[in-house]
Amino acid sequence: MSSLRHSPIGDRLYQTLTTLCAISVLVLLLVLSARIFVAASPALQAFGWRFLTGAQWDAVHGVFGVAPAVYGTVISSALALALATPLALAVAIFSAEVAPAWLRSILEFALDLLAAIPSVIYGLWGLFVLVPLLRDRVMPVLTETLGLADTPLFAGPAYGPSMLAAALLLAIMILPYIAAVAREVLAAVPDAQREAALALGATRWEMLRHAVLPYARSGLVGAVILGLGRAFGETMAVTMVIGNRHEMSASLLAPGYTLASLIANEFAEASATLHHAALMAAGATLLLVTLLVNALARWLVWRVRRPGDA
Amino acid sequence: MAAASADRADVPPVTTARLAAEGLGAYYGPTRVVRDVTASFTPGRVTAIVGPSGCGKSTLLRCLNRLHETGRDARTTGRVWLDDVDVYAPDVSAVAVRRQVALVMQRPTPFPTLSIEQNVVAGLQAAHARPTADLRAVTEDALRRAALWSEVSHRLRARPGTLSEGQQQRLCIARALATSPRVLLLDEPTASLDPLSVQKIEELVYGLRDRVTVVMVTHNMQQAARVSDETAFLLHGELVEMAATTTLFTTPGDPRTEAYITGRFG
Amino acid sequence: MAVVVAATAFAVSPLAALGGHLVREGGAALHWSFFTALPAPVGEPGGGMANAVVGTLLLVSIASLMAIPVGVGAGLYAAEHRGRPLALAVRFVSEVLSGVPSIVIGILSWEFVVRPMGHFSALAGAVALAIIMLPLVARATEEMVLLVPSALFETALALGYGHARAVVRVVLRTALPGILTALLVAVARVAGETAPLLFTAFGNHFWSVSLREPVSALPLQIFTYAISPYDDWRALAWAGALVLVGLAVILGIAARVTMRHRHGRRVR
């Protein structure tokens, strides 16, 4: 019965191809990470740790330290996170636990849309709407009406482009992203958890506080950290509103810099080898930090999703 | 439908497909789910495999057309003979085996993106890049044999999602029959269906006798009694007893079989 | 609960603010010439972004050609070998890779493509966009394939389909609406990317469809015009923004419709 003999050559080809595709994703990350450190090595060798701690960035004299950009990245992102997290969690809770189905789908669409708007358009809006608004309306209120000008946080002249503008814009941008992941995490909480609480006579709010949120906690933290990773790497919108000044200032009204906007502004013009290497090193720093942040966040989110998902 | 009767065996079967298991074992990882089963399935007859849930009925069935080995960490030992070829021989292709030994799943699994018509010929097209047969005729014949033709002949282009679950299951049987299999394996084909659909499928299986060798897993002993010529009783992965259906249900040879059919467990 | 409702309303309000401004400013500046004319020199009225529209189409098409086959292949592997180390690694690396800032992808594409070639090029821009797309496509494929009941795959095998044929003809085909939806979202995402194009595609004020030449793209042109000191150009930036957001909205709605279609005829 020779008809039972059939060579599955297509199957072997298929297995080989999909395995190669799978491996290539891993290789891609490895190659990208390795190459950026190779490209950055002249600057890392020349300055060592002073690359991170140095405050001077002088292309003419070949001295490169990214401390102000690191400072700006951390402060703008942290501030954005502080502003966006409560709102994003509220949105996620509303959408996953409270809203009726019709409203939920509208809300999801709105959030999807907010998340789909390109960074450069947030930047455009920030530059022409948010920054003038801050400069003409908000900052005078903060400094004069409320008399905060004497505090270091709100000292100095209010130009408009500033750390505050960047943080606000970032908050608006990462909010839908955090909300979307948090919503997914809440949706992954088994209904048995909810029903158990309700069966014990809990109100909806008590059920949320004592059954749903504790179960989802690590995943929600993961969602917030994912937002942080986003904020760290956000480039165009921040570049357009932060003022791009390589200085560290405690004042939120003062312009600042971030690693991403530093690269965006200088990379095309950099001609000296060391200047290029320094920008690559800034990129390597950004890559390393975002890889760590994302790995941590994904791990936290997986812990919640794993049971039903494997 | 006629009750099981002894005179069935007097009619010589048209099909000659002899299927037999020899020392068949099946594993999931280290767990053995089927132990050393040796059984011969009479050509052109319906054999029912009965036994309590989790006794390895479905796994045994899936070993017969080499489907078991596609599962994760799944392994098979022993032999399965289709006529005089061991389907587990190294130079035999599992795909080719499955083209001759068709299997219908417990729940209906029509391909949702294909029309009813395309579903019926899907297996045929998988086996031959360019089937020479008249597909239209094959479709009608298979649907008639599956007792579905009159219900769907006016909407062959519709999606199977528009059919009832019972109709979907008959569509799946039609799809298997369209490939002209020599053996048809049915894994609890009526488990998820309403009584009317169950009756239709039982009639259909009964009508397949003589043309196809049928092996059907069921946990419903009345169904086995109604449809099958022979019955095998499986317990903890072991074949306890296999005999003519009337014999097994009236005078079982093993006390465990008797305990099961009189309802003491399972 | 009232707090949650109020916070939600507040959180969605930027959409209204941004959307309103976009429609007003962009609508005023958007004319047919936007899609047909090249950028006009400073001081000359009119002009459009026709070359940028074509450039974006070119970049996104080439990036899709590079990313989709590999991404679908990797996603299929991850779904089929669920639980195996390489499958887990693909999933994890895809998620981590999709969090890498696009500006970093941009300078890496510069390092790999622009530096050896000696000049900016559409190819370098497409490579950067492809690297951004790849993990999105891989994850989406994996998720959508996992939604297909395994009984469907087994049925195909039981009917005598070869493994590859069963995957492609049955599993992939059943998952296709979901995968297409995700591809639309991925395309919309990279079509709006600016940072990775700054040092790769670079921008070009003239017609170009050559992979070896720098090419313009809508988001690049919007950025250039937005930070320019000329009112004409800023107005055109708003028009470009309206077009880009319009594209994202259309793709988003298309994605939703595809999804709904899929659920509408879902078979157990």
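Chain letters run A, B, ... following the sequence lines, proteins first and then strands; every chain starts at 1.
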Over all atoms of both residues, closest heavy-atom pair of [X] and [Y]:
| X | Y | answer |
| --- | --- | --- |
| A/A264 | A/T239 | CB-OG1, 4.1 Å |
| A/E234 | A/A260 | O-CB, 3.7 Å |
| C/S102 | C/P196 | O-CB, 3.5 Å |
| C/P214 | C/G203 | CB-O, 3.7 Å |

Atom group of [X] that falls short of 4.5 Å from chain A, counting heavy atoms:
| X | result |
| --- | --- |
| C/Y225 | neither |
| C/P135 | neither |
| C/H163 | both |
| C/A78 | neither |
| C/W238 | both |
| C/I107 | both |
| C/F199 | side chain |
| C/V167 | side chain |
| C/A188 | neither |
| C/E80 | side chain |
| C/A17 | both |

_Sub-4.5 Å side-chain heavy-atom contact between A/L226 and A/R298_ =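 Yes, at least one pair of side-chain atoms sits under 4.5 Å.
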_Flag side-chain contact, heavy atom, 4.5 Å: A/D112 against C/R256_ =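 Yes. Closest side-chain heavy atoms under 4.5 Å.
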*Are C/R139 and C/E142 close enough for a salt bridge, meaning some N to O gap below 4.0 Å?*
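Counted as a salt bridge, because a side-chain N and a carboxylate O are separated by less than 4.0 Å.
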*asked:* Any salt bridge linking C/R189 with C/E193? Criterion: basic side-chain nitrogen under 4.0 Å from a carboxylate oxygen.
replied: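 Counted as a salt bridge, because a side-chain N and a carboxylate O are separated by less than 4.0 Å.
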Max heavy-atom pair count under 4.5 Å with chain A, selected residue of [options]:
| options | value |
| --- | --- |
| C/L15, C/L198, C/L86 | C/L15 |
| C/G240, C/G99, C/A191 | C/G99 |
| C/L251, C/V100, C/V4, C/L108 | C/L108 |
| C/L22, C/V5, C/I103, C/I131 | C/I103 |
| C/V72, C/L76, C/V12 | C/L76 |

Select one option (side chain, backbone, both, neither) describing which atoms of [X] are under 4.5 Å from chain C's heavy atoms.
| X | value |
| --- | --- |
| A/L107 | side chain |
| A/T19 | both |
| A/L32 | both |
| A/T18 | both |
| A/L291 | both |
| A/V25 | both |
| A/E108 | both |
| A/I36 | both |
| A/E97 | neither |
| A/L124 | both |
| A/F109 | both |
| A/I263 | both |
| A/V31 | both |

*First locate atom CG of A/L259, then atom CZ of A/F232, and finally report the distance between them rounded to the nearest 0.5 Å.*
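Answer for the CG-CZ pair, A/L259 versus A/F232, is 9.5 Å.
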*Centre of A/W299's six-membered ring, under 6.0 Å away, within 45 degrees of the axis: is that where NZ or CZ of A/R303 sits?*
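Ring-cation test returns yes.
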_Both conditions, 6.0 Å and 45 degrees, for the charged tip of A/R35 above the ring of C/F112: are they met here?_
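Yes, a cation-pi geometry.
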*Top of A/L26, A/L20, A/L175 for chain C proximity - count of heavy-atom pairs under 4.5 angstrom*: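 Answer, by heavy-atom pair count under 4.5 Å with chain C: A/L26.
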Counting distance only, does the side-chain N/O of [X] pair as donor-acceptor with the main-chain N or O of [Y] below 3.5 Å?
| X | Y | result |
| --- | --- | --- |
| C/T56 | C/L218 | yes |
| C/S98 | C/E95 | yes |
| C/R115 | C/W110 | no |
| C/N204 | C/S216 | no |
| A/H275 | A/S271 | no |

_Check the orientation of C/W233 and C/Y230. Use parallel for under 30°, tilted for 30 to 60°, and perpendicular for over 60°._
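The arrangement is perpendicular - the two ring planes meet at more than 60°.
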